[in-house]
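Below is the structure I would like to discuss, written out as structure tokens.
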Amino acid sequence: MATTTDPAQTPSAGLAERLRVPSRFPYRTIAMGTVGSTLLMLAAFGAGGILIKDPVLGHGPLSWIRYGHGRMLANAVLYTGFGLVVWAWVRLGRYVLAGRIGSRPILVAAGCWMAPLLISPPLFTRDVFSYLGQGAQLLYGLDPYANGPAELDVLPNVVQNVHPLWQTTPAPYGPLFLLISKGVVATTGDNMILGVILMRVVLLAGLAGTLWALPRLVKHLGGKLPVALWLAVASPMMVIHLFGGPHNDLMMLAFLTIGVLAALERKHVVAVVLVTIGMLIKPTAAIALPFIVWMWANHLPGESKVRNFLRAGAASVGLFLPVFVAGTWISLGSLNMGWWSGLKAPQLIANWLNIPTGIGEVFYNLVHIVVDVQVSPFVTVARAAGMLLLIAFGVRQWWLARGGGTEAVYRAGISLLAVAILMPPTLPWYLTWGFVLLSAFKWQPRHLALVVAVSVFVTLVYYPTGEQALYDWWFIALVVVASLYSAASLLRPDPLGIIDAWRRPEKFLSDHRS
């Protein structure tokens, strides 16, 4: 993947010098990512989250792309497109680290890379079909927190495309997002293609909100805007997962980032209200609320920190409760608290990407060599231990944030990452919760290289269809190699000298001919 610089650059001798020279607009890098994104879109019709009954390719002359060798070809094209997007993103990152480009090229790149995916089938997930199914339940007077979309006796295209795991599983999302899904289904009906496209358009409002907040967060948190935009907006996790997916985390992040910004600017009432609304979209946003209390307390006059904390805490609860109740009532037409029980639904997903689950599976396999036992007790115990660790870690981060200000934002971001990693399930796009907030801080290049490795890894550990690839060990080995190589490429173009070795014979022949 990310092995070369722009064609105008020579292999190795002058790379360091050239990287310090101001760059023109990186048209070729942006074009490379756009070509890759277009390949992703085209190949997704055969290898992505395709419809059960596809009106585009289902029975037409190109239907072969969905089966057999045609599907293998589609997968090859899709992963080629993915490689080009990552390659372009890493090249863009090198320009950012060298100070060769500002914010505008990154925004243009992200827009160009997202544009083809607007009309793409879902990539690396089928969650959007669940969104539409749960919105349809609400539209037709059913309770999405009591049963899954399988209870619908209308909109057959919507129902049959929901993943089997979620057909009979209650919704795990906040009521406000179900109201949004209801509006999408009310507009598109049984037309799944329009439903997916409109859902992406609606979720773009979340991206717009995040883009509005990031420059202001950077001013408060001491980072660099090009780095923040490259990390939070142009990354594969944002372009391919949150938008190409698409995922409702994209909208939740807008309320989270703007709410945190409001707290930094001493608009504490606005902060609590916005983060509570974000929680009504996806409950994870609630992790930030205790940290906002510290921020509020430290902005209050008076010498008694205990009194200020109590005042800020009481005011936050006094704001949270009416917003929460009103949001739930407006969204569902009643104070339906069933969505709290729906939060248990994602725990049905069990794989080693969630560290406690992985540890439980390792111990199970060791014991299973000697004794025939079931895996569930091992995973259950490991997850319980993981939850205790998460609680202890979260409480410590909250206490360390008692000084408020930027420290509280940093601790909130770390806590969001910990929730994504330790609380089951761990899904790839969950890492964006913390990364988006943390992107506004100052980063060291080696830490950004680690983010590149993580971004590539978590994007690839699911197949383009949305099914997990975590137990395909040969595939995972290739994913690890690709992730590490991408990370190394951020710090040094062509880290293994592959392009240089390929060009050296050409240079040798050219010198001798002359």
4.5 Å side-chain heavy-atom contact, P149 and W166: no
CE (M423) with more than 12 external heavy atoms under 6.0 Å: no
Q397 side chain to Y410 backbone, donor-acceptor under 3.5 Å: no
Under 3.5 Å donor-acceptor, D190 side chain and N157 backbone: yes
Polar side-chain atom of W230 near backbone of W89 as donor-acceptor pair, under 3.5 Å: yes
Side-chain (N161) to main-chain (I52) donor-acceptor, under 3.5 angstrom: yes
L118 backbone acceptor or donor facing R200 side chain under 3.5 Å: yes
For the student: nearest non-hydrogen atoms of L229 and S103, plus distance: CD1-CB, 3.5 Å
Note, Y463 side chain near N75 side chain (heavy atom, < 4.5 Å): no
Heavy-atom closest pair, residues V419 and L390: N-CD1, 3.8 Å
Working for side chain to side chain contact (heavy atoms under 4.5 Å, CB included), residues V196 and F129: CA-CA 8 Å; V196 172; F129 299 144; 3.7 Å; yes
Side-chain heavy atoms of V409 within contact of F291, under 4.5 Å: no
Parallel, tilted or perpendicular: rings of W443 and H447 (30°, 60°): perpendicular
T29 vs R94, side chain to side chain contact (heavy atoms under 4.5 Å, CB included): CA-CA, chis, key distance, verdict: CA-CA 11 Å; T29 297; R94 289 203 296 262; over 6 Å; no
From CZ (F177) to CG (L138), nearest 0.5 Å: 12.0 Å
Aromatic plane relationship, W429 with H247 - under 30° parallel, 30 to 60° tilted, over 60° perpendicular: parallel
Interatomic spacing from CD1 in I30 to CD1 in I106 - rounded to 0.5 Å: 9.5 Å
Side chain proximity check, V90 to V452, heavy atoms < 4.5 angstrom: yes
Check against side chain to side chain contact (heavy atoms under 4.5 Å, CB included), T257 and L214: CA-CA 8 Å; T257 52; L214 270 179; 5.6 Å; no
L92 side chain reached by P26 side chain, heavy atoms, under 4.5 Å: yes
Whether over 12 other heavy atoms sit under 6.0 Å from F45 CZ: yes
Between OH on residue Y79 and CG on residue L39, distance to nearest 0.5 Å: 14.5 Å
Residue pair N351, Y462: steps toward the side-chain hydrogen bond (donor to acceptor under 3.5 Å, both in side chains) verdict: CA-CA 11 Å; N351 58 57; Y462 273 64; 3.3 Å; yes
Heavy-atom side-chain contact between I101 and P226 under 4.5 Å: no
Aromatic plane relationship, W352 with W473 - under 30° parallel, 30 to 60° tilted, over 60° perpendicular: parallel
A288 versus L256, closest heavy-atom pair with distance: CB-CD1, 3.6 Å
Check: G148 main-chain N/O paired with Q167 side-chain donor or acceptor under 3.5 Å: no
Exercise: identify the closest heavy-atom pair between L422 and T426: N-OG1, 4.5 Å
Backbone of E467 reached by a side-chain donor or acceptor of R126 within 3.5 Å: no
Rounded distance [0.5 Å steps], CZ in F393 versus OG in S415: 6.0 Å
Close side-chain approach of V185 and L155, heavy atoms under 4.5 Å: yes
T187 side chain to G183 backbone, donor-acceptor under 3.5 Å: yes
Separation between CD of E265 and CG of L217, rounded to the nearest 0.5 Å: 8.5 Å
Distance-minimising heavy-atom pair for G46 and R71: O-NE, 3.4 Å
Pair F124-H241, side chain to side chain contact (heavy atoms under 4.5 Å, CB included): steps then yes or no: CA-CA 7 Å; F124 297 95; H241 264 319; 3.8 Å; yes
Expected output: side-chain S37 to main-chain T34 donor-acceptor under 3.5 Å: no
Donor-acceptor contact below 3.5 Å, side chain S483 vs main chain F457: yes
Rounded distance [0.5 Å steps], CG in L253 versus CE in M238: 6.0 Å
Taking every non-hydrogen atom, the tightest pair across M192 and L51: CB-CD2, 3.7 Å
Validation row: V162, Q134 side chains within 4.5 angstrom (heavy atoms): no
